[in-house]
Structures are given as structure tokens and as C-alpha cells.
Amino acid sequence: MQYMIMNYVLPDDFASDDRPETSADGPAWGAYTKAMIDAGVMVGGNALHPSHTATTLRIRNGQRELADGPYAETKEHLGGYFIIDVPDLDTALDWAAKNPAASTGSVEVRPVFR
Amino acid sequence: MSDALVKALESWPQDGLPDNPEGWLLTVARRRLIDISRKTAKWAETQNALEQLVDEHGMERTDEDGANAFEDERLKLLFVCAHPAINEKIRAPLMLQTVLGLDARRIASAFLIAPGSLGQRLVRAKAKILEAGIRFDVPPAEQLEERLGSVLDTIYAAYTLGWDASYTDDSKSSNLVNEAIWLGQLLRQLMPDEPEVLGLLALMLFCESRRHARRDAQTGQYVPIGQQDPAAWSIDMIDEAEVCLRQAGSINRPGRYQLEAAIQAIHADRRRTGIINWPEIRMIYGGLVSFSPTLGAMLGYATACAECNETAAALEILDSLQIKQKERYQPYWAVRAHVLAQLGQVGEAADCFETAAGLSEDPSVRAYLLERRMGLGDG
């Protein structure tokens, strides 16, 4: 089964305008990614630019509404995601527990429709 | 500590010590379970049936026979929860819930079981107990040793899960280590002449004595055992552990937990001698793995060999391990990295440090492993 693992981080913990690998916790993300690849569970994933670079679009009553910023103003923002292929939710949770964002932010785990 | 114990400790100074403190505690824990089951209709049937089973055997006898009745019941409950017919993965949660009255959500969190699904698994486990006709009894003599092993393994499973628990000082935070040690103490009260019971308690106390030394007080950084300051170890726990181990030794029936505790005793001895006696540790591991080749013991053996400069032997041990889901098992990679580093195989060691870091849950352990990796690059 495929699960999406979403890394929610505090704004300060976002990858800066440099490449994600060179940020302070770049090595931690690199190690986590490597472990999942070596375990054969990695399907894909990406780091995202900080949430202030987001633009949110809605269409209401035929009108386009564009807002600067992410979908919701939350304390933690979506910093990136992984998609993994594992037998069950328990295994997905086990990987989520190793996610570097788990101890300073939050990690959402959700099954993907296939 | 479980809610029932916390409640007891909070109320005793005001209300005075009840006549039958243990009985009272068990009653409170039982009542909480019954309350919870009433709120969750799904649980009611099997939950209440199990409760009734307990009640029939225990509750009525409280007033007449006093504390002993409850002690017997708790012991039986421990054996029921660790019965081989019950799925391995649910034994520890079941024990924590039924013997300690712990909240299911906290248990689910610790065991990484989605909160919604732990309830169902516990219901199935209890239904299994009733369907399979598991007897609410301490096993007969010929089965006792094996079944006791299962009880001990279950308690130890809870302890090892809590081993990497967060280092907050929040006394109210659920910490599996406290629950596991409490169960270990309980078992020692109920079976004081069983050497492996004493061995397990000694093992847990030795390990727990080092808790505050494992992290640097200022920086929160991970401190490996060889670099810990013995002054930060809990002397009280070490003393109690040594008493247990000596008692166990005098019974002259060695076993897995006694040997593991003996290894920890040698580590603890560094506070007196200033060194770690690795050759002696290696010797005990050699004996341990010959009859109890658990993953942890094999990894410990490999580490001890490496520390005795038998790095080739260490690598052989590691290569021989058949590990289910090895790619997810952090300790294997951490030990392998350490051994390869010692062998001077820098490239491979770096790789393993990185994998071990990626598999770590604790940020300070992760940071330590990444630092070790960076340290290799300079060599």
C-alpha cells in the first residue's frame, strides 16, 4: 500500500533559498531519504520551498480568488512529502517516527488511492 | 506511573492509608477499566466478560483473605496476558492495560499503533482468551519456566520501547520504563524466588540507572556509555540491581536475563574501577548467545568483540545475522558502522552511519551518528 508522509515544520525550519541539502538539517533529511531508498520503500518525494512562496487559488461564484500564502495559516507548514510503499499502516507509522520533522513538528500519514 | 497509582499517591496523604492498599489500587484500576468499557459499547461484551472472570476470582475474596487474593490475581493476569496463543505484538499492550489500567491511547502511541486500531486489537485479544479457554491460572510446574519467560519478555519489550523515550523531566508524562519497572517489581514481590525474575529487574534497574547520564545536561547531546560520567548514574538503582543479581546468583539457575544483567553490572563497575572490562563482557556474551541468540545479544556480542580488537570476528557475527526487515533495524546499522570504523573501512562505515542516522527516531542519537560519519571523513 502506498502512503504519503507529509512533513509539517516550523517556519524557521524550512529549507532556505539554498538547496535543501545544504541547510542545517540537510544531512538528517539525506540520511532519512537514503534509509527509505535502501529499504526499497521509497516511491517518491520532494522538499518544498517555504510557505511564503505559496499562492492559493479558489473559484467561488465563478470568480477567481488568489491569495498569497498557503491554504491555511497554521503554526506548522508543509515542508515536503514522501510517498512510500509498505505493507500496512503500522509500518508506515514506523517510518514516520524516524522522520526528522517528528520531534520538532508534525508528520501526517495518509493512504494513497491507487 | 499509571493513573491508578498516581491517584493513590495523591489521595493517601489526605485520606490516610487504606487498610488494604494493594486491594484498593487494584479496585481503582479495575473500576477505570469498567468505566472505559461502558463508554465504548463495542468493547463491552468481551471486556466485561474478562472483568467478570477477574472479579469472580478476586473481588469477593478481598474482605476475607485480604491482600494475598489480589496478588494471586495479578500474577494470573500477567500469565494470561503473556500466553502463547495471544499475538506477540499485543501482549505488552494487553498487560499494560489490564494489569496497570493504562489509557489505551497512551499505549497506542508508545507502540506506534494507530489509536483507533489498538482498541480493536485488544478486543480481539480478550475474545481470544475467552474462546481459546485460556485458564486464568499460574501455569503448572512443568510449563512454568517457559511461560514465565514469555511474561518476562513481554515486560522487557515494554521497557526497551521506553528506553529511547524523551528525556523530559515531566513526571506525569507516560513513560513505559516506569511501567515496565513497576511490573518487574510486582513480579518480584509475587515470585521472589525465581532467578530470572530477579535477573530482569536487575537488568532494567542497571539500564535505568544511567538514564540521566545518557544526555549531556547542558546541550542535550547523546553520550555513549563509555563516555558517561558515573557520578550521574543512580547509585540507589545500581545498589538495588546488585542485590537482585546477587540473590539470583545464589539460587544457581542461570538464565538469559541474569546474564544480561551481569553484563550491565560490569558496565556499572566502571564507577569503581574506571574502566570497562570488555573481555569479561565478551565472555558473558559468548555464553549468552549460545543459548539465547537474540538480536540484541548478538549485536552486543559483536560490539564486545570489536572492543576487544577482534574486529574480524565482530564482522563475521554481523554478517551472519538473519534479520527480518534488517533495512529498518537501526541498532544493526549503528553497530556495523562502529565496527567498520574500527576496521578502518571508512567508506562503508560512513554509509552505515548514514543509514543508522536515517533510521533513528531520537534527534540526539541521529545527530551523534551523523557527527561520527563526518568525523570519519577527516581520517
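Letters A, B, ... mirror the listed sequences (proteins, then strands); counts begin at 1. Just so it is clear, the values below take in all heavy atoms, side chains as well, and ignore hydrogens, waters and symmetry mates. Every value quoted in this text rests on a predicted model; they were computed, and no experiment measured them.
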Identify the two heavy atoms, one from A31(A) and one from E354(B), that lie closest to each other, and give their separation to 0.1 Å.
CB-O, 3.3 Å
Evaluate the salt bridge (Lys or Arg N to Asp or Glu O under 4.0 Å) criterion for residues D90(A) and R121(B): first the C-alpha distance (whole Å), next the side-chain angles of each, then the deciding distance (0.1 Å), finally the verdict.
CA-CA 13 Å; D90(A) 286 354; R121(B) 299 192 202 187; 2.8 Å; yes
Where G358(B) and A35(A) come nearest, the two heavy atoms and their spacing
C-CB, 4.0 Å
So does D362(B) pair up with K98(A), basic N to acidic O under 4.0 Å?
no
Take L359(B) and W95(A), measure what side-chain contact (heavy atoms from CB on, under 4.5 Å) needs, and give me the verdict at the end.
CA-CA 8 Å; L359(B) 293 173; W95(A) 283 109; 3.5 Å; yes
Give, as side chain, backbone, both or neither, the part of R328(B) having an atom under 4.5 angstrom from any heavy atom of chain A.
both
Chain B contact via L93(A) - side chain, backbone, both or neither, heavy atoms under 4.5 Å:
both
Please say whether more than 12 non-hydrogen atoms of neighbouring residues, nucleotides or ligands are located less than 6.0 Å from CD in E108(A).
yes
If we count only N and O atoms by modelled type, under 3.5 Å, do the side chains of K34(A) and T355(B) hold a donor and an acceptor together?
yes
Nearest 0.5 Å, what's the CG-NZ distance between D38(A) and K326(B)?
12.0 Å
So what's closer than 4.5 Å to chain A heavy atoms on L370(B): side chain, backbone, both or neither?
side chain
Go through the atoms of T91(A) and report whether side chain, backbone, both or neither lie under 4.5 Å from a heavy atom of chain B.
both
Cut-off 4.5 Å, heavy atoms of chain B, and the answer for A97(A) is both
Within a 6.0 Å radius of atom CG on D319(B), are there more than 12 heavy atoms belonging to other residues, nucleotides or ligands?
yes
If you measure from CD on E327(B) to CD1 on I37(A), what distance do you get to the nearest 0.5 Å?
14.0 Å
